[in-house]
Amino acid sequence: QVHLTESGGGKVQPGGSLTLRCAASGYTTNILCMGWFRQSPGKEREGVASFLFGHGFPYYAASVKGRFTISQGDANKTLVLQMNSLKPEDAGVYYCAAGKEANMYCGLVNPSDYASWGQGTQVTVSS
C-alpha cells in the first residue's frame with residue numbers, strides 16, 4: 001500500500017508563487033508515475049501535472065504549462081510542484097496521486113488511472 005503526504009499549500013496573491021511537495025511511503029518500489037490533480041467547488045477533479053520516474057518526463061495541463069514545474073524531490077519517490085504566476089483560477093484543493101503499480105501511464109485526463117491519493121492541500125489565490 002502506498003501512502004502519500006502533501007505539504008506546502010497556502011494563500012497567495014495573484015501573480016505569486018507556491019511550492020507543493022508530496023512524499024510517498026510504503027510499497028513504492030513499483031510506482032513509476034506520480035502526479036498532481038486539483039479540485040475546486042462545483043468542478044470535477046482535473047489533472048495538473050505528472051512525472052514519470054526513471055525517464056524524467058513531465059506532463060502538464062495546457063492551463064498551467066509555462067507557469068508550473070513538476071520535478072522529482074531529493075528523496076526517492078517525492079514530487080515537487082513549483083507554481084509561479086498563480087491565477088485565481090488555480091485555486092483549489094491539490095491532491096498528490098500515485099499511478100498503478102508498474103504502470104507507466106502518466107496521463108492527466110482520468111483520475112481513475114491513479115491508484116493512491118493524498119489527503120489534499122488547499123491553495124488559495126486571492127488579493
Side-chain angles (χ1 to χ4, degrees):
Q1 189 168 352
V2 176
H3 182 70
L4 302 174
T5 304
E6 303 111 332
S7 62
K11 183 178 179 179
V12 66
Q13 292 185 345
S17 299
L18 280 175
T19 303
L20 303 183
R21 289 179 171 82
C22 175
S25 59
Y27 189 69
T28 64
T29 302
N30 293 329
I31 299 301
L32 303 178
C33 176
M34 290 176 62
W36 290 95
F37 285 71
R38 67 187 179 191
Q39 190 167 17
S40 54
K43 294 186 178 181
E44 293 185 353
R45 192 168 296 192
E46 64 172 348
V48 175
S50 60
F51 189 85
L52 185 61
F53 292 101
H55 298 266
F57 288 163
Y59 301 88
Y60 298 99
S63 60
V64 307
K65 200 168 187 179
R67 300 187 296 121
F68 291 12
T69 303
I70 190 170
S71 60
Q72 185 171 358
D74 293 336
N76 187 39
K77 297 298 165 56
T78 62
L79 270 184
V80 178
L81 183 68
Q82 177 64 42
M83 305 186 295
N84 298 328
S85 301
L86 282 161
K87 304 176 181 180
E89 52 263 42
D90 293 318
V93 178
Y94 280 67
Y95 298 91
C96 180
K100 298 176 181 178
E101 186 176 346
N103 192 324
M104 292 180 62
Y105 183 74
C106 230
L108 295 171
V109 176
N110 294 316
S112 60
D113 290 326
Y114 291 76
S116 303
W117 293 85
Q119 79 286 354
T121 185
Q122 179 71 48
V123 171
T124 302
V125 184
S126 174
S127 55

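None of these values were measured; they are calculated from a predicted model.
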Could you tell me the separation between the [atom1] atom of [X] and the [atom2] atom of [Y], rounded to the nearest 0.5 Å?
X      : Y      : atom1 : atom2 : result
Gln1   : Ser116 : CD    : OG    : 7.0 Å
Tyr27  : Glu101 : OH    : CD    : 5.0 Å
Lys100 : Leu32  : NZ    : CG    : 13.5 Å
Thr78  : Gln72  : OG1   : CD    : 6.0 Å

Would you indicate whether Glu44, at its atom CD, is surrounded by more than 12 heavy atoms from other residues, nucleotides or ligands within a distance under 6.0 Å?
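Not more than 12 within 6.0 Å, no.
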Answer whether the closest heavy-atom distance between the side chains of Ile31 and Val2 falls below 4.5 Å.
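Sidechains of Val2 and Ile31: in contact.
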Would you check if Pro14 and Pro88 make a side-chain contact, meaning some heavy-atom pair closer than 4.5 Å?
yes
Do you know which two heavy atoms are closest between [X] and [Y], and how far apart they sit?
X      : Y      : result
Ala91  : Ser40  : O-CB, 3.8 Å
Ser85  : Ser17  : N-OG, 4.4 Å
Cys33  : Leu52  : CB-CD1, 4.3 Å
Pro111 : Trp117 : O-CZ2, 3.3 Å

Backbone N/O of [Y] and side chain of [X]: donor-acceptor pair under 3.5 Å:
X      : Y      : value
Gln39  : Lys43  : yes
Glu6   : Gly120 : yes
Asn103 : Tyr105 : yes
Thr28  : Ser25  : no
Thr124 : Lys11  : no

Verify side-chain contact (heavy atoms from CB on, under 4.5 Å) between Leu79 and Ile70, making sure each step is shown before the conclusion.
CA-CA 7 Å; Leu79 270 184; Ile70 190 170; 3.9 Å; yes
Should [X] and [Y] be counted in the same cluster of Ile, Leu, Val, Met, Phe, Trp and Tyr side chains packed under 4.5 Å apart?
X     : Y     : result
Val48 : Met83 : yes
Val93 : Val12 : no
Val64 : Leu20 : yes
Leu81 : Tyr95 : no

All ring-ring contact (aromatic ring centres under 6.0 Å, His included) counterparts of Tyr60, not counting sequence neighbours:
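Checked Tyr60 against ring-ring contact (aromatic ring centres under 6.0 Å, His included); zero matches.
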Report the C-alpha distance between Val123 and Asp90 in whole Å, list the side-chain angles of each, state the deciding distance to 0.1 Å, and finish with yes or no for side-chain contact (heavy atoms from CB on, under 4.5 Å).
CA-CA 8 Å; Val123 171; Asp90 293 318; 5.6 Å; no
Going through the distances and angles, do Phe57 and Ser50 end up as a side-chain contact (heavy atoms from CB on, under 4.5 Å)?
CA-CA 8 Å; Phe57 288 163; Ser50 60; over 6 Å; no
Does any pair with a residue in residues 64-99 pass disulfide bond (SG atoms under 2.5 Å apart), and if so which ones, sequence neighbours excluded?
Cys22-Cys96
Any chance you could lay out the side-chain contact (heavy atoms from CB on, under 4.5 Å) test for Gln13 and Val125, step after step, and finish with the verdict?
CA-CA 5 Å; Gln13 292 185 345; Val125 184; over 6 Å; no
Stepwise ring pair (Phe, Tyr, Trp, His ring centres under 6.0 Å) check, Phe68 with Trp36:
CA-CA 11 Å; Phe68 291 12; Trp36 290 95; over 10 Å; no
Can Lys77 be said to sit on top of Phe53's aromatic six-ring, NZ or CZ under 6.0 Å from centre and within 45° of the ring axis?
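Satisfied, under 6.0 Å and within 45°.
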Under-4.0 Å salt bridge between Arg38 and Glu46
yes
Those residues that, when tested against Gln82, pass side-chain hydrogen bond (donor to acceptor under 3.5 Å, both in side chains) (two or more places apart):
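By the side-chain hydrogen bond (donor to acceptor under 3.5 Å, both in side chains) rule, Gln82 matches Thr19, Asn84.
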Are Phe51 and Tyr59 close enough that their ring centres sit under 6.0 Å apart?
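Ring centroids of Phe51 and Tyr59 are no less than 6.0 Å from each other.
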